[in-house]
Amino acid sequence: MQSTGLWPAVLGEIELSISRGNFMTWFKPTQLLKCDEESVVIGVPNVFVKQQLERKYGSLITDTLLKNGISTTKIEYKIHSVTVKKTIDNPIILHNGGAVSGQPTVASHVPSSNSPSGPNSVSRGLGQPYRQGLNDRYTFDNFIEGSGNELAYAACQAIAATPGTKYNPLFLYGGVGIGKTHLMQAVGNAVLARNPLARVVYVSSEQFLQGFVDALRFKKIADFNDFYRTADVLIVDDVQFLAGKEKAQEEFFHTFNTLHQSNKQIIISSDKPPRDIPTLEDRLRSRFVWGMSIDMQIPDFETRCAILQTKAGTHSVELPTDVTEYLANNIQTNIRELEGALNQLLAFCEMRGIEPNLAIVSGMLGASKTRPKHISAKQIIERTAKHFQISVDEILSAKRDKDIVMPRQVAMYILRSELHLSFPKIARELGRKDHTTAIHSVEKIEKEMNRDNDVRTAINDIKELLYA
Ligand code: ADP
Ligand code: MG
């Protein structure tokens with residue numbers, strides 16, 4: 001079965017259910033090699049990815065395939081040369097001499113030249129492009145400009161042409177799934193296309209933090225600093241997660257100054273403007289607005305239609321106008337969701353050999369119940385408590401009983417996955433002072449989601465309740 005849309009659809013769903021770091025490391029470099037009644041063969045770049053997918057994500061993959069109409073239980077992984085080649089552009093650097101780390105993203109912020117070369121680390125020889133954290137899927141070419149993002153688009157293009165000369169730093173802010181990461185990555189890719197020797201470093205603030213913590217632990221602060229302070233272009237995504245992290249902010253402050261003084265380009269994104277990021281040091285806050293801050297909005301209806309048409313075009317599908325408009329009308333807050341719905345539609349139609357039409361798309365969106373825009377943290381906590389038949393007071397209490405701890409962790413997980421709250425905020429919502437509890441809880445539930453059907457079902461049920 002030739003199903004080009006199937007794998008993007010499966011990946012799209014998986015992307016929503018696991019952390020970005022895990023997705024980029026384990027799923028991004030995969031492709032579908034074969035899919036028929038007998039078996040599904042997934043191409044992977046190396047044995048580490050194979051093992052990880054087999055051990056940790058087997059049931060997630062099977063379930064997601066099933067949701068997309070594939071009921072084969074036999075899944076094979078094949079190390080595949082094209083997949084390997086694709087990954088070399090986007091190296092996975094494992095840090096611990098090759099053992100697959102439980103936290104792969106940790107590796108990605110320490111200088112690769114100082115890393116022990118894991119079997120699939122790609123060390124950088126002189127004269128080779130350096131593209132830390134960049135994904136070549138994000139380019140200016142496939143970014144649709146329109147009201148809502150046009151200013152950000154123009155600024156990013158200007159920066160890509162002459163990095164470090166104007167709009168430094170560039171600070172992009174706005175809600176989830178509206179194209180911030182795409183645009184910033186497009187700058188990185190464009191800079192490298194022009195100058196393959198440029199050192200472009202893309203990092204999420206959470207990776208930066210984790211790297212900082214590791215560097216402290218392994219007494220590698222000098223390496224850590226060197227790594228960031230020698231960038232030509234430093235892109236820090238979702239900087240709001242640095243809120244409250246004083247030591248890391250201080251480190252970032254010095255990195256910022258070093259780069260800025262030598263006219264190196266800095267690009268930062270956040271879900272809110274600098275003035276609204278709580279517990280951000282004033283000196284960082286003031287620096288963030290030195291250059292240019294741009295408020296990105298969800299693109300308007302016409303632009304959403306254009307995005308859909310373009311994305312369908314890349315799958316060689318011409319989307320009928322009524323279908324396009326239906327999707328653009330029903331999904332108004334988030335381009336990632338819009339893309340997800342399109343992928344699901346294309347996969348559905350392809351499997352059945354039919355053309356997309358209004359009946360299918362409305363049935364599909366109706367079935368998955370389009371999500372209302374405003375779900376509050378309070379609602380999530382209430383519904384979670386209700387599901388587990390405990391009281392809200394208990395979930396917010398300090399009690400450590402197992403049948404309270406687990407619902408509390410689930411609530412934290414849902415706050416993260418549905419509302420994209422920062423860990424400190426999640427901790428506060430549950431009456432906790434220490435945000436590391438929130439980090440551990442979310443990670444724990446993420447893991448359990450992958451191996452425990454009960455947990456997955458519970459979370460799905462709670463979401464059903466929330467969006468019903
Ligand atoms: P954010 O970082 O703001 O949360 P992303 O950059 O990750 O959002 O965008 C979410 C998805 O939507 C990505 O797959 C991205 O390619 C796509 N996307 C967002 N805006 C556009 C656009 N204007 N044109 C094409 N694709 C877009
Ligand atoms: Mg983003």
Side-chain angles (χ1 to χ4, degrees), residues 5 7-16 18-24 27-28 90 105 133-157 170-190 202-208 235-242 267-273 277 293-315 319 324 327-328 331-344 346 416-422:
W7 199 236
V10 169
L11 290 185
E13 273 183 47
I14 291 178
E15 188 170 6
L16 291 176
I18 62 176
S19 77
R20 181 149 187 89
N22 280 336
F23 179 80
M24 296 306 281
F27 284 94
K28 189 75 204 138
N90 216 341
T105 49
L134 285 184
N135 178 341
D136 52 18
R137 173 184 149 211
Y138 296 121
T139 62
F140 286 121
D141 285 346
N142 60 17
F143 188 88
I144 314 291
E145 187 201 352
S147 97
N149 64 32
E150 58 206 332
L151 192 57
Y153 182 80
C156 283
Q157 283 214 312
L170 175 69
F171 191 99
L172 296 180
Y173 64 92
V176 177
I178 56 169
K180 300 183 296 295
T181 299
H182 187 137
L183 266 186
M184 297 198 297
Q185 290 244 350
V187 174
N189 284 320
Y202 166 93
V203 68
S204 75
S205 70
E206 284 165 309
Q207 288 171 320
F208 181 88
I235 306 171
V236 182
D237 209 348
D238 291 322
V239 82
Q240 71 270 14
F241 296 128
L242 280 189
I267 310 176
I268 300 164
S269 83
S270 167
D271 63 349
K272 41 181 117 43
I277 305 179
S293 315
I294 299 177
D295 177 6
M296 280 182 77
Q297 302 282 347
I298 176 83
D300 62 4
F301 174 75
E302 283 74 22
T303 314
R304 294 200 297 279
C305 289
I307 292 174
L308 284 165
Q309 297 276 359
T310 313
K311 305 233 170 201
T314 61
H315 296 280
L319 213 56
T324 311
L327 280 169
I331 302 178
Q332 302 194 351
T333 52
N334 185 325
I335 303 297
R336 189 175 298 132
E337 257 178 52
L338 196 64
E339 248 180 21
L342 175 70
N343 284 337
Q344 209 182 333
L346 296 185
R416 179 76 174 172
S417 67
E418 297 303 295
L419 300 188
H420 306 275
L421 296 187
S422 70

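Atoms within each ligand, like the ligands themselves, are counted from 1 in listed order.
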Legend entry - I307-ligand 1 polar pair, N/O distance under 3.5 Å: no

Legend entry - Check: L183 N/O within less than 3.5 Å of ligand 1 N/O: no

Legend entry - Pair Q309-T324, side chain to side chain contact (heavy atoms under 4.5 Å, CB included): steps then yes or no: CA-CA 7 Å; Q309 297 276 359; T324 311; 3.1 Å; yes

Legend entry - Working for ring pair (Phe, Tyr, Trp, His ring centres under 6.0 Å), residues Y153 and F140: CA-CA 8 Å; Y153 182 80; F140 286 121; 5.8 Å; yes

Using a strict 4.0 Å cut-off to heavy atoms of [X], name the atoms of ligand 1 that fall inside it.
X: N149; answer: 23 (N)
X: G175; answer: 3 (O)
X: T181; answer: 1 (P), 2 (O), 6 (O), 7 (O)
X: K311; answer: 16 (O), 17 (C), 25 (C), 26 (N), 27 (C)
X: V176; answer: 4 (O)

Inset, instruction - Verify side-chain hydrogen bond (donor to acceptor under 3.5 Å, both in side chains) between D300 and S147, making sure each step is shown before the conclusion. - result: CA-CA 6 Å; D300 62 4; S147 97; 3.1 Å; yes

Just by modelled atom types, is the [Y] backbone N or O under 3.5 Å from a matching donor or acceptor in the [X] side chain?
X: N149; Y: G146; result: yes
X: N142; Y: R137; result: yes
X: R416; Y: L421; result: yes
X: S205; Y: D238; result: yes
X: R304; Y: I335; result: no

Nearest protein heavy atom with distance in Å, relative to [atom]:
atom: atom 27 (C) of ligand 1; result: I335 CG2, 3.7 Å
atom: atom 21 (C) of ligand 1; result: F143 CE1, 3.6 Å
atom: atom 25 (C) of ligand 1; result: N142 O, 3.3 Å
atom: atom 24 (N) of ligand 1; result: I144 N, 2.8 Å
atom: atom 8 (O) of ligand 1; result: G179 N, 3.1 Å
atom: atom 15 (C) of ligand 1; result: H182 ND1, 3.3 Å
atom: atom 4 (O) of ligand 1; result: G177 N, 2.6 Å
atom: atom 14 (O) of ligand 1; result: R137 NH2, 2.7 Å

Inset, instruction - Apply side chain to side chain contact (heavy atoms under 4.5 Å, CB included) to the pair Y173 and K272, showing each step before the final yes or no. - result: CA-CA 5 Å; Y173 64 92; K272 41 181 117 43; 5.5 Å; no

Heavy atom of [X], distance to ligand 1 below 4.0 Å:
X: Y138; result: yes
X: E145; result: no
X: P299; result: no

Legend entry - Separation between CD of E302 and CD1 of I144, rounded to the nearest 0.5 Å: 13.5 Å

Inset, instruction - Compare R336, E339, E337 and give the one whose heavy atom is closest to atom 10 (C) of ligand 1. - result: R336

Legend entry - Polar contact flag, side-chain donor to acceptor under 3.5 angstrom, D237-S269: yes

Inset, instruction - Decide yes or no on side chain to side chain contact (heavy atoms under 4.5 Å, CB included) for V239 and F208, but give the supporting numbers first. - result: CA-CA 10 Å; V239 82; F208 181 88; over 6 Å; no

Inset, instruction - Using a cut-off of strictly less than 2.8 Å, determine whether S269 has an N/O/S atom near the Mg ion (ligand 2). - result: no

